[in-house]
Amino acid sequence: MNQECPSLWKKGFKVIILILLLTAGLTLIKTYSSHSRIKRFGYSFLVVTSGSMEPVLTPGDLIIVQAQSEYRAGEIVTYPADGFLVTHRVKEIVDENLILQGDANNAADANPVPAEQILGKVILTVPWLGHAALFLKTPVGFLCFLVIGFLIECGLSWLSKKRKE
């Protein structure tokens, strides 16, 4: 009976790790799409796909966006435009409309954006992590993700057997 309990705990732990890895992988794959976003616990996870905000944000960066009750000049925000999500800096606010501009752009965006259309403010940037999402979106990348998960499981099983010997 004592031998079965630790073994059951180990198997349960492995299943939980596998579920977390699959969830993380699928989240990264979905996050890469510039037409969609992952929203968890009030935060949106997005991947930067253009250089309009360089050098602050570069293509391949993962950004975490959170809705705010109000926005201020100088903040970086994300909003929908023409079927895409755009992340630019607030230049000024005029009558509840935000005038936005990419740091690398010479001029402000053509149309002011009403504050209620803003998805949120960028609160965290993780450089290069979006490239992993790009890779995982490819068939080879997803296959590599599955193979790595399988190899980790095999390695954990092998270590478990070694310890018993």
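Quick caveat: nothing in here was measured; it's all calculated off a predicted structure.
Using a 4.5 Å heavy-atom cutoff, the side chains of Thr49 and Pro59 are not in contact. Counting heavy atoms from C-beta outward, Pro80 and Leu119 have side chains that approach closer than 4.5 Å.
Taking all atoms of both residues into account, the shortest heavy-atom contact from Glu92 to Ala73 is CA-CB, 4.4 Å. Pairing each heavy atom of Ala110 with each of Pro112, the nearest pair is O-CD, 4.1 Å.
For the atom pair CD1 (Ile76) and OG1 (Thr125), the distance works out to 6.5 Å, reported to the nearest 0.5 Å. Annotation: the span from Leu98 atom CG to Glu116 atom CD amounts to 10.0 Å, rounded to 0.5 Å. Rounding to the nearest 0.5 Å gives a distance of 10.0 Å between OG1 of Thr87 and CG of Leu100.
Take Glu75 and apply the salt bridge (Lys or Arg N to Asp or Glu O under 4.0 Å) test, not counting sequence neighbours, and it matches Lys121. Every residue two or more places apart in sequence or in another chain was checked for a salt bridge (Lys or Arg N to Asp or Glu O under 4.0 Å) with Glu96, and none qualifies. Contacts of Leu143 classified as side chain to side chain contact (heavy atoms under 4.5 Å, CB included), with partners at least two apart in sequence or in another chain: Val147. With sequence neighbours left out, the side chain to side chain contact (heavy atoms under 4.5 Å, CB included) criterion links Phe135 to Thr138, Val140, Cys144. Leu146 is linked by a side chain to side chain contact (heavy atoms under 4.5 Å, CB included) to Leu22, Phe142, counting only residues two or more places apart in sequence or in another chain. Residues satisfying the side chain to side chain donor-acceptor pair (under 3.5 Å) test with Asp109, not counting sequence neighbours, are Tyr79, His88.
Listed by first then second residue, pairs satisfying salt bridge (Lys or Arg N to Asp or Glu O under 4.0 Å) with a partner in residues 63-72 read Glu70-Arg72, not counting sequence neighbours. Applying the salt bridge (Lys or Arg N to Asp or Glu O under 4.0 Å) test to pairs two or more places apart or on separate chains, none has a residue in residues 50-66. Evaluation of the ring pair (Phe, Tyr, Trp, His ring centres under 6.0 Å) test over residues 105-128, restricted to residues two or more places apart or in two chains, returns Trp128-His131. Sorted by first then second residue, the salt bridge (Lys or Arg N to Asp or Glu O under 4.0 Å) pairs that include residues 98-107, not counting sequence neighbours, are Arg89-Asp103.
Residues Val65 and Val113 are members of separate hydrophobic clusters, defined by side-chain heavy-atom contacts under 4.5 angstrom among Ile, Leu, Val, Met, Phe, Trp and Tyr. In terms of hydrophobic clustering, with Ile, Leu, Val, Met, Phe, Trp and Tyr side chains grouped at heavy-atom distances under 4.5 Å, Leu57 and Leu46 are assigned to a common cluster. Under a hydrophobic clustering in which Ile, Leu, Val, Met, Phe, Trp and Tyr are joined whenever their side-chain heavy atoms come within less than 4.5 Å, directly or via other members, Ile118 and Ile63 fall into different clusters. Both Tyr43 and Leu129 are assigned to one and the same hydrophobic cluster, defined by single-linkage of ILVMFWY side chains at heavy-atom distances under 4.5 Å. Under the 4.5 Å side-chain heavy-atom criterion for ILVMFWY residues, a single connected hydrophobic cluster contains both Val122 and Val48.
The hydrophobic cluster around Ile99 extends to Val94, counting ILVMFWY residues whose side-chain heavy atoms fall within less than 4.5 Å of a member. Other residues sharing the hydrophobic cluster of Leu159, ordered by chain and number and joined by side-chain separations under 4.5 Å: Trp158.
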